[in-house]
Engineer: 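Okay, handing you the structure first.
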Amino acid sequence: MISAPERHARKPSRRYALDLKTLGPALALLLLCVIGFLLNPAFVSEGNLTNLLTRSAFIGIIAVGATFVITAGGIDLSVGSMAAAISGVMIIVMNNVVETIGTGVATVLLGCGLAIVLGIGAGWINGALTTKGKIEAFIVTLGTMGIYRSLVTYFADGGTLALNFDIRGTYRPVYYDSFLGLPFPVWVFIGVAICGWLLLSRTAFGRYCTAIGSNESVARYSAINVDAVKTLTYVIQGLCVSFATIIYVPRLGSASASTGVLWELEAIAAVIIGGTVLKGGYGRIGGTILGALILTTIGNILNFTDMISNYLNGTMQGLIIIVAVLLQRSDWRLGKSRKT
Amino acid sequence: MISAPERHARKPSRRYALDLKTLGPALALLLLCVIGFLLNPAFVSEGNLTNLLTRSAFIGIIAVGATFVITAGGIDLSVGSMAAAISGVMIIVMNNVVETIGTGVATVLLGCGLAIVLGIGAGWINGALTTKGKIEAFIVTLGTMGIYRSLVTYFADGGTLALNFDIRGTYRPVYYDSFLGLPFPVWVFIGVAICGWLLLSRTAFGRYCTAIGSNESVARYSAINVDAVKTLTYVIQGLCVSFATIIYVPRLGSASASTGVLWELEAIAAVIIGGTVLKGGYGRIGGTILGALILTTIGNILNFTDMISNYLNGTMQGLIIIVAVLLQRSDWRLGKSRKT
Amino acid sequence: QEKIKIGVSYPTPTHAWAAGMNWHAEVAEKRLEALYPDVDLILVNSPDPSAQASALEDLVAVHQIDALVVLPFESEPLTDPVLNVKKSGAWITVVDRGLSQPGIEDLYVAGNNPELGRVSAKYMKGRLKDGDNIVILRGIPTVIDNERFDAFMEEIKGSGINVLDHKHANWNRDDGFQVMQDFLSRFPDIDAVWAQDDDIAIGVVAALKQAGRDGNGMFVVGGAGMKQIIKGIMDGDDLIPIDVLYPPSMIATAMDATVAHFKSNGPIAGRYILGATLITPENAESYYFAESPF
Amino acid sequence: MSAETSASAAIIEAVNISKSFGPVPVLFSVSMDVRPGEVHALIGENGAGKSTLMKILSGFHEPTSGQIRLDGEATDLPPNGAAEQYGVVLIHQELNLAEQMTVEENVFLGREVTARGFLDRASMRATVQGYLDEIGLDISPSDRISDLTIAQKQMVEIVKAVSRNARLLILDEPTAVLTEAETEVFFRQVEKLKANGVAIVFVSHKLAEVKAIADRVTILRDGQWIDTRPTEDLTPDTMAQMMVGRELSDLYPPLHEADVDAEPVLEVDNLYAPGVDNVSFLLRKGEILGFSGLIGSGRTAVFEAICGLAPIESGEIRLFGKRVGLMTVAEARDLGLAYLTKDRKEKGLLLDKQMRPNLTLFALPKFVRNFAIDRKAEERALERAVRRFDVRARDTAITVDKLSGGNQQKLLLAKIMECDPKIVVIDEPTRGIDVGTKQQIYHFIAALAAEGVSVVVISSEMPEIIGICHRVVVMREGHITGILSGDHINENEIMRYAAGLKREELH
Ligand SMILES: Nc1ncnc2c1ncn2[C@@H]1O[C@H](COP(=O)(O)OP(=O)(O)OP(=O)(O)O)[C@@H](O)[C@H]1O
Ligand SMILES: Nc1ncnc2c1ncn2[C@@H]1O[C@H](COP(=O)(O)OP(=O)(O)OP(=O)(O)O)[C@@H](O)[C@H]1O
Ligand SMILES: [Mg+2]
Ligand SMILES: [Mg+2]
């Protein structure tokens, strides 16, 4: 009975703005590719594009997990160290079972299974400490970051843990072989991305993550088991780290204290460049994927030119990240008058 | 105009709970000191305690700034790199003016003045990009972190920037000399801490920071210039970095790409161990100071014993941080029955 | 009876070479403490220069050391802290990276970074001809990296060998792999790679094999003397035919000499500069330590 | 109808419920029962314990003592809204929506419709769209909550309530921000539910509404049960009397005739801003100017633009005769212009802070002595405000989110008045405030005007607008359709302008 006023043409503009925001990361990536091509046409060679995709798989897969954690209002700084520790334990165990079960597929499967169990366990520890222990996620994961990093150093005696040479032969194809022209890691990446996307935007669980990140007490009052959902986001993060590790280990067959250093920052950066909000309540897997691609492409482009001093790589990287995010602010052109 | 209801005196109980929370970090520190003493009685020697205090000055001073940023709902990842870059520029400039104004106090003062200007400028850039550019603070400061870090590498040509030897002679006392038995850096730390405490808990500005961190739109509706206050928190952070740099440079007389690595994480950890809430809205300078002391003490204690493998330092550090924060959860004993 | 306390301070091992050094230090500690019951060696490692300065303070304040063996993280920042240790009356042995001020240390034991670059360049010149192309993967931007790189470039100058580009691979396998992948996409014709370090070299080899460009006389020169690489040389690997030694055992040498200062009659002070030996299939065996992690 | 319902057995019964928060007692042995197909109103002063009792009835709080009987059986209700499994649904007084999520997501939060493990978004959207159409709310299921006006949010809460298969629906002040028209829509939904045998508990301070819709009324005062009676036995006046415990004189103060020649203090010409379409009006010294209109008619938008809270596209504003451009909120405050928001939860109060910092936040510069905040002065201000506005907190150290809704509103009013404004804009001044206090606030506004302060009252309560304003501006779709004064201020006239049936040529 309240007269529905004729709809103002305000909605279309909102939709449009939203699209711009969604398109932002894609545009930034496109721009980077154009720059890459202009710098060196070899940038668009099939080989390089394949390298680029394969490389972004690690950060990308981890960032998919980070999207869940961040959407639910948490943060996980431990992923890089976790990856290193899982690789380390995988390698040690696989090397040790050579005598009993040989160097075949069984050993590799054992290693992968172990990685998954460890990832889930490590994620669960982070989650339980945050929810049951009621410690800020930042502190928990800063702590576990230090712990995992030093454990891998300890296992490797400060050096490098190397996978048995024969197992490496069995395991190698997981990184180096292709299917339908795309390397396996890319397929894993695609798989994880699709699952992540479905989970976040097509299931009740995804909505719970968003609700918790948006307003924890509203979520709680809606009879959502907040602690369980939050813990589960860390478990998903751990699982993603496992997947990343499983495709990382066959690449060079080794793990050391420098494995995965700063992956946490890269993953979080990918998530945020993709448009997910750091304080939680809004997450976009699609954006995260683009964010990961953007980050990898920046590194790749910098290797393609010697115009800038090597020392300034970090400067370029920083500038490009800031500019890429600045560009996707759909409202910056509307300009001055807005104060809000 | 209306009848005043009888007011019940119900304050004491709440105060008590609050005190437990406030006391948490202090208890954790005390416990650490006892452990240190048991491991090696030399822990409480005057020399060691002085070293400990002096050392915690760097992180402590930076963490005071970080308390403002975090209380107002922001985050600054660039502080470590900023410290490196400021040290670098300071050293270059001081070395270059030797010929014109010599190696005396004037040069050192010039260097210090420059540091302050640079710190304020760098803080302002972070602040402006976050508020005017509307980019997430995490991304802005991750970007500037990369930029400053690579700039110092560039200035140092990949190596180390060393302060002119004679200037070092003039400047040395700033780190190494004492006043009333306490080294100068400790005095600076005390000064910064007191100013920070006054500013955060006794002035309108501090109240504004808390309000913004608690709810930005309430702050805006309460006539607070949100952008200006937020920018100012980053400027304060920059200023604190300047002070830390001013006492850091005479210590090692040089700057390189490895200066200040991970200080940002340490500073944030100190802030949060001290009880400030990462999402903003509640900040405690006193806690931050204790947090910085706790972190430094952990490192100090680990240098005291070779009972544990050096590789496991990180594990111990991580465990102690988590346990220290776990201990100060005043409500963990109240336990299960709480539902809300 | 008062023990002779000797502090040993070095960077936290984060890459294989440093791990090797750590291993040699720990082995030397056990050996020397068993040999001389009145000697106590205290091993401390630190993650950055500032932490190392703190560790030095702690060694003096808490352990009251009689001598210090230090492998400085960086020269400049640790000069003053080591000087302070010296002022406490301790004997000072500096390893690998010299301090920026002469005369502080009583004993200096070091490898030879410029020599490593020069030896590598000489080998390149011996195998390549005018107009051949190489790429360089450098370490972490530091003085060491600069010394090696500058000496290499100095030596290679005028040989007609083209250095296509050089990028930092941070003494890290993953970075070595990625940078080499990009070099391979970018340059269709590369004849050899100077990886400067064995960890980088391993990444480079993986990238070469992936791209199928490991034939045609392609070779990689690493550096340091990692045991896997030396093993490969012994087995006649084509891709990494030689290595240039930068021995992580130098810390043990320094510890031995420092203990000897207290235990032997002969004079110990002075400078020991270890050579950057070229390891070839002929001499590889004598540089191979099976138990070392490096 | 009430005769039948009183015969049937109660769905839920509260027996001798007491509740204390820590040592603070809030409810004293309260009993109440709700029967299927009845609307049971719960009334009482601010802080009487209505919301607390409702939270106990739906499991959000545990009673300190006493018993809840569900269908005659003593039951421990599960916490956190899980009582929904028994068909017990509470719509909280404080809006309980996830701001960043969409309407559809909020309506179905916690009980999503899934098909083969995946969300059935199409069907959920269609369901929500159906409800929205039914109540004539012009928003889309995919709109974000943060983009809605507060009244729209309240309507979303109602959709949320209606869409659940509740046997017992508890509505804690659902109509506080609704206009009469929306309230009617809401009542139609209630009637429908009632016809289906749903039991409804309705908390409200609008006694006329209670009279109109309730079958029985329970009255609480200071945590004590006073009476439960069929509505027929009560009039709004007797209800008010039982709530407050004394006779209430006239609700509205006598209207002082405004001085038509008083100098204008605020003149607005051809203002354009988001949601505002060519608005011009004038406010005189000592005048009470009402703003009326439907949901989203742009009343709030006008004053947010004037007070520096939203951008201005074009137009001229003169304050005390001087042209002002874009002002910041602080500049407006310093010039004597203050705006009180109706959204106390998102824009008004820092819920996790105590009363003192909240009270002084807006006028903080006033409390600065020698660069530091004068806490003594703050304490004094708090004491004064508590007295002046009757803010009832049994413990002044609690955080503001623990205050009762009405007391939050009083605190918010106190906060704005702390800067001694010369022009004060009050958006929904009596949102969630009990009759007794309402009367006091009206007198307070009248007194302000008599002192020469100009007051703008934006309100969805027609009687309030009619009762206290000298002139009334009616808005529709962002522009002014009429400015009424004197005898023209009556319900009929206002509605016709608000609905767009009549329109004055203003320029
Ligand atoms: N969690 C809590 N902790 C402490 N006190 C509380 C808490 N919740 C409510 N109170 C107190 O209980 C009393 C009753 O509050 P309640 O919200 O039930 O009042 P109400 O009748 O709903 O009032 P209103 O009409 O203003 O909404 C108030 O004095 C309030 O401050
Ligand atoms: N910044 C803005 N940008 C675009 N549209 C806006 C903006 N602010 C308000 N509006 C729109 O202007 C219209 C008027 O909203 P406003 O809140 O002023 O209405 P109101 O009369 O106060 O109604 P209510 O009492 O229901 O809130 C709404 O449809 C709102 O969505
Ligand atoms: Mg020993
Ligand atoms: Mg209430």
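Hydrogens, waters and symmetry mates play no part in the numbers below; they use all other heavy atoms, side chains included. Residue numbers start from 1 in every chain, and the chains themselves are labelled A, B, ... in the order their sequence lines are given, proteins ahead of strands.
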Engineer: Quick one: do Glu304(D) and Tyr221(B) satisfy side chain to side chain donor-acceptor pair (under 3.5 Å)? Show the steps, please.
Structural biologist: CA-CA 9 Å; Glu304(D) 292 198 338; Tyr221(B) 275 77; 2.4 Å; yes
Engineer: With a 4.5 angstrom heavy-atom cut-off, could you sort out which part of Ile416(D) is near chain B: side chain, backbone, both or neither?
Structural biologist: neither
Engineer: Measuring heavy-atom distances to chain B, does Glu378(D) have an atom under 4.5 Å in its side chain, in its backbone, in both, or in neither?
Structural biologist: side chain
Engineer: Roughly how far, to the nearest 0.5 Å, is the CZ atom of Arg207(B) from the CG atom of Leu364(D)?
Structural biologist: 6.0 Å
Engineer: Contact part of Lys345(D) toward chain B, heavy-atom cut-off under 4.5 Å: side chain, backbone, both or neither?
Structural biologist: backbone
Engineer: For Arg220(B), is there any backbone N or O sitting under 3.5 Å from a side-chain donor or acceptor partner on Lys347(D)?
Structural biologist: no
Engineer: Search all heavy atoms of Val218(B) against all heavy atoms of Glu346(D) and return the closest pair with its distance.
Structural biologist: CG2-O, 3.4 Å
Engineer: Taking side chain as everything from C-beta outward and backbone as N, CA, C, O, which of these in Arg375(D) sits under 4.5 Å from a heavy atom of chain B? Side chain, backbone, both or neither.
Structural biologist: side chain
Engineer: Restricting to non-hydrogen atoms, name the atom on Ala223(B) and the atom on Ala330(D) that form the minimum distance, rounded to 0.1 Å.
Structural biologist: O-CB, 3.6 Å
Engineer: When only pairs under 4.5 Å are counted, which of Glu331(D), Arg344(D), Lys353(D) shares the most heavy-atom pairs with chain B?
Structural biologist: Lys353(D)
Engineer: Contact part of Asn215(B) toward chain D, heavy-atom cut-off under 4.5 Å: side chain, backbone, both or neither?
Structural biologist: both
Engineer: As an exercise, state the distance from OG1 of Thr210(B) to CG of Leu361(D), rounded to the nearest 0.5 Å.
Structural biologist: 9.5 Å
Engineer: Please look at Ile224(B) and chain D and tell me whether the side chain, the backbone, both or neither of the residue comes under 4.5 angstrom of a heavy atom of that chain.
Structural biologist: side chain
Engineer: With a sphere of 6.0 Å drawn around CG of Asp401(D), does it hold more than 12 non-hydrogen atoms of other residues, nucleotides or ligands?
Structural biologist: yes
Engineer: Which of these, Leu351(D), Leu349(D), Leu350(D), sits in a side chain to side chain contact (heavy atoms under 4.5 Å, CB included) with Ser214(B)?
Structural biologist: Leu350(D)
Engineer: Against chain D, label Tyr208(B) side chain, backbone, both or neither, depending on which of its atoms sit under 4.5 Å from a heavy atom there.
Structural biologist: side chain
